[in-house]
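Each chain gets a letter, A, B and so on, in the order the sequences are listed, and its residues count up from 1.
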Amino acid sequence: GESVGLHLPTLSVQEGDNSIINCAYSNSASDYFIWYKQESGKGPQFIIDIRSNMDKRQGQRVTVLLNKTVKHLSLQIAATQPGDSAVYFCAEKSGGYNKLIFGAGTRLAVHP
Amino acid sequence: KAGVTQTPRYLIKTRGQQVTLSCSPISGHRSVSWYQQTPGQGLQFLFEYFSETQRNKGNFPGRFSGRQFSNSRSEMNVSTLELGDSALYLCASSLGQPGTAGNTIYFGEGSWLTVV
């Protein structure tokens, strides 16, 4: 399949390091946020989500931090592995629908 | 449990033709939404269906349409195709009603459409 993000910002990390991917969201009324991972030729894969009444949520090797004051979201990946190489998108949802507003995405490149 | 299934995975169409893409949501999921993904515009919301009703629509021309069937399966149609419609079309499904807090949304692998 084609690449869907040819000119994305890229975060390069060494295998085993921690990665932090940042995202600024647009709507202060957004009440739910999701991080997705998209590998080349595949659809977005759910990683972790957080509701607006929380400021931190942890999963397996991943942590999402939410700062509503500055409308900022971050994804932390611990002990980054080559399999983590992908494009990462944050998405926000507000109101009574399942419409997601996506960020532009960040490409994570993990080097051995 | 099977994920969101989209067909066809790849297709090539000529300008002016129309195309229909199909989506089967995760079993038990009743909410289906569609997105268009391009290198220039990123991921953009097309429309959302719940219980066979369109609940929300993105900012796309009327050439883009969709529907949902009683079994929650959904189709989207693009008529009078233009070169700019070349994109990855993604379907997503979720369990609860639109607006349910923490309504996790899962995506399929998408349908790659190339218009020549």
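Around the NZ atom of B:K57, the shell of radius 6.0 Å holds more than 12 heavy atoms that belong to other residues, nucleotides or ligands. Counted within 6.0 Å of CG on A:N53, heavy atoms from surrounding residues, nucleotides or ligands total more than 12; the atom is thus considered enclosed. Heavy-atom neighbours of A:Q60 CD from other residues, nucleotides or ligands within 6.0 Å: at or below the threshold of 12. Under a cut-off of 6.0 angstrom, the local environment of CZ in B:R63 is crowded, with over 12 non-hydrogen atoms contributed by other residues, nucleotides or ligands.
Both A:M54 and A:L73 are assigned to one and the same hydrophobic cluster, defined by single-linkage of ILVMFWY side chains at heavy-atom distances under 4.5 Å. Under the 4.5 Å side-chain heavy-atom criterion for Ile, Leu, Val, Met, Phe, Trp and Tyr, A:L65 and A:V70 are members of distinct hydrophobic clusters.
When heavy atoms are compared at a cutoff of 4.5 Å, B:F47 does not approach chain A at all. At a 4.5 Å heavy-atom cutoff, the contact between B:L43 and chain A is made by backbone and side-chain atoms alike. A:Y36 touches chain B through its side chain: at least one heavy atom from C-beta onward sits under 4.5 Å away, while N, CA, C and O do not.
A donor and an acceptor atom, one from each side chain of A:N98 and B:S94, are located under 3.5 Å apart.
Between A:L100 and B:F45, the shortest heavy-atom contact is O-CB, 4.2 Å. Across all their heavy atoms, A:G43 and B:L90 have their closest contact at CA-CD2, 3.9 Å.
Here the rule is side chain to side chain contact (heavy atoms under 4.5 Å, CB included) with A:K99, and of B:N56, B:L46, B:I105 only B:N56 fits it.
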